[in-house]
Amino acid sequence: MEKRRTSTVVNVLALLGALLVCKVTLSIVLGYRDYLPPDFNADFLLGRESYFWGRYSCAFYAHLVSGPLSLLVGTVLISEQFRSRFPTWHRRLGRLQVACVLLFLAPSGLWMAFYAISGAIAAAGLGTLAIATAACVALGWRAAVIRRFGDHRRWMQRAYVLLCSAVVIRIIGGLATVAQWDALWIYSISTWGSWLVPLLVFESVRWLELSPAAVTSEQRVMSEN
Ligand code: HEM
């Protein structure tokens with residue numbers, strides 16, 4: 001009974017999380033009005049005209065396509081229900097996701113990180129995020145190929161947490177604007193916090209689930225029922 005209630009709460013939270021990801025992704029894509037064609041008076045492109053044309057624009061437009069795609073495909077792939085009902089589609093979308101992140105999103109993010117307007121802390125935060133995301137996806141892919149599905153699931157869950165940093169950083173940015181905090185300073189901190197904090201929460205929850213105390217109490221509940 002207790003277990004069923006917990007799983008209902010988890011499912012409702014997962015649904016709300018997925019809706020939030022879709023809503024923020026939609027607002028990101030609506031903002032592409034400023035990028036097609038590039039408007040150098042728009043917030044993000046302000047001051048970037050001198051280096052925009054050339055390699056930066058290739059990375060930028062590759063990022064604009066691969067970012068929302070990998071976040072939305074990741075939201076579908078992370079669902080256990082989808083995987084168990086449509087295993088073939090899980091594999092197909094999984095291959096698309098691996099290609100999208102390893103060939104486009106992570107390399108373009110790494111390239112753009114060198115030009116992060118708020119300085120070295122932001123550049124390092126975004127660059128490390130790009131490498132960490134690529135590493136999790138590559139390790140998750142390898143684990144699936146050698147049929148270590150437990151490891152595959154954990155690496156891909158980590159990769160999804162990292163992809164969601166794009167949502168977290170924008171929520172932090174929105175709150176900072178409302179609170180009228182110094183946007184550049186907040187931005188530098190959130191290029192690290194937007195993925196390190198969720199990753200820490202993810203690892204802590206996993207650790208608690210695996211801890212002997214959790215296993216013992218679960219076994220106790222089961223033996224009582
Ligand atoms: C997890 C890997 C990711 C990395 C390493 C990354 C990296 C970056 C970097 C370095 C920039 C430029 C920031 C600056 O110059 O200050 C950027 C901008 C951008 N990123 Fe990402 N990103 C990632 C994921 C995503 C995702 C999942 C999306 C889409 C949902 C996304 C959408 C965008 C957009 C639209 C911009 C342009 C600025 C804007 O309109 O907000 N990125 N990203």
Side-chain angles (χ1 to χ4, degrees), residues 20-75 97 100-138 158-201:
L20 179 67
V21 167
C22 292
K23 199 234 159 258
V24 175
T25 308
L26 181 69
S27 68
I28 291 174
V29 174
L30 288 176
Y32 288 4
R33 285 185 295 247
D34 293 336
Y35 306 145
L36 299 160
D39 171 3
F40 293 102
N41 292 314
D43 255 3
F44 181 77
L45 291 178
L46 203 65
R48 296 186 192 260
E49 196 166 2
S50 57
Y51 58 80
F52 184 81
W53 300 110
R55 288 188 192 151
Y56 188 88
S57 66
C58 295
F60 180 69
Y61 288 114
H63 199 79
L64 293 195
V65 176
S66 59
L69 188 64
S70 50
L71 193 53
L72 294 179
V73 171
T75 306
Q97 178 76 331
C100 194
V101 172
L102 293 186
L103 299 178
F104 300 104
L105 184 71
S108 62
L110 187 58
W111 185 268
M112 289 161 69
F114 288 106
Y115 297 86
I117 233 152
S118 63
I121 296 178
L126 293 165
T128 313
L129 170 65
I131 294 167
T133 310
C136 289
V137 169
R158 287 186 185 111
Y160 184 67
V161 169
L162 297 181
L163 288 174
C164 284
S165 62
V167 172
V168 178
I169 205 167
R170 282 163 179 86
I171 293 175
I172 298 174
L175 291 176
T177 310
V178 171
Q180 298 185 323
W181 287 334
D182 175 4
L184 275 190
W185 182 80
I186 294 285
Y187 181 67
S188 295
I189 301 291
S190 54
T191 56
W192 287 95
S194 61
W195 59 276
L196 276 179
V197 173
L199 196 59
L200 200 72
V201 171

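Atoms OG and CD1, from Ser190 and Ile121 in turn, are 11.0 Å apart once rounded to the nearest 0.5 Å. Here CG of Leu26 is found 4.5 Å from CG of Leu30. Values are rounded to the nearest 0.5 Å. Note that CG of Leu163 and SG of Cys100 are 9.0 Å apart. Values are rounded to the nearest 0.5 Å. Here the straight-line distance linking atom CD1 of Ile189 with atom CG of Leu184 works out to 12.0 Å at 0.5 Å rounding. Here Ser66 contributes atom OG and Gln97 contributes atom CD; the two are 10.0 Å apart, rounded to the nearest 0.5 Å. If you take CG on Leu126 and CH2 on Trp192, they are separated by 9.0 Å, rounding to the nearest 0.5 Å.
Partner of Phe60 under the ring-ring contact (aromatic ring centres under 6.0 Å, His included) criterion, out of Trp53, Trp111, Tyr115, Phe44: Phe44 alone.
At least one side-chain heavy atom of Ile169 sits under 4.5 Å from a side-chain heavy atom of Tyr187. Annotation: side chain of Cys22 is in contact with side chain of Leu72 (closest heavy-atom distance under 4.5 Å). With contacts defined as side-chain heavy-atom distances shorter than 4.5 Å, the pair Ile172/Ile186 qualifies.
Listed here is the closest heavy atom pair of Leu46 and Ile117: O-CD1, 3.5 Å. Here the shortest heavy-atom pairing between Ser165 and Trp195 reads CB-CB, 3.8 Å. The minimum heavy-atom distance between Val167 and Leu71, with the atom names listed, is CG2-CD2, 3.7 Å. Here the shortest heavy-atom pairing between Phe52 and Pro38 reads CE2-CG, 3.9 Å. For Pro68 against Tyr32, the heavy-atom pair with the smallest separation is CG-OH, 3.2 Å. Among all heavy-atom pairs drawn from Cys164 and Val21, the shortest one is SG-CG2, 4.2 Å.
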Checklist line | Worked verdict on Leu36 versus Leu64 for side-chain contact (heavy atoms from CB on, under 4.5 Å) | finding: CA-CA 11 Å; Leu36 299 160; Leu64 293 195; 5.6 Å; no

TODO: Mind running side-chain contact (heavy atoms from CB on, under 4.5 Å) on Ile171 and Leu20 for me, showing each step along the way?
DONE: CA-CA 10 Å; Ile171 293 175; Leu20 179 67; 3.9 Å; yes

- Message: side-chain contact (heavy atoms from CB on, under 4.5 Å) for Leu129 and Thr191? Distances and angles first, verdict last.
- Response: CA-CA 8 Å; Leu129 170 65; Thr191 56; over 6 Å; no

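In terms of the ring pair (Phe, Tyr, Trp, His ring centres under 6.0 Å) criterion, Phe114 has no residue partners (sequence neighbours excluded). Not a single ring pair (Phe, Tyr, Trp, His ring centres under 6.0 Å) links Phe104 to another residue, sequence neighbours left out.
The backbone N or O of Tyr61 lies less than 3.5 Å from no partner atom in the side chain of Tyr35, so there is not a single donor-acceptor pair.
Arg48 and Tyr56 share a donor-acceptor pair across their side chains, judged by distance under 3.5 Å alone.
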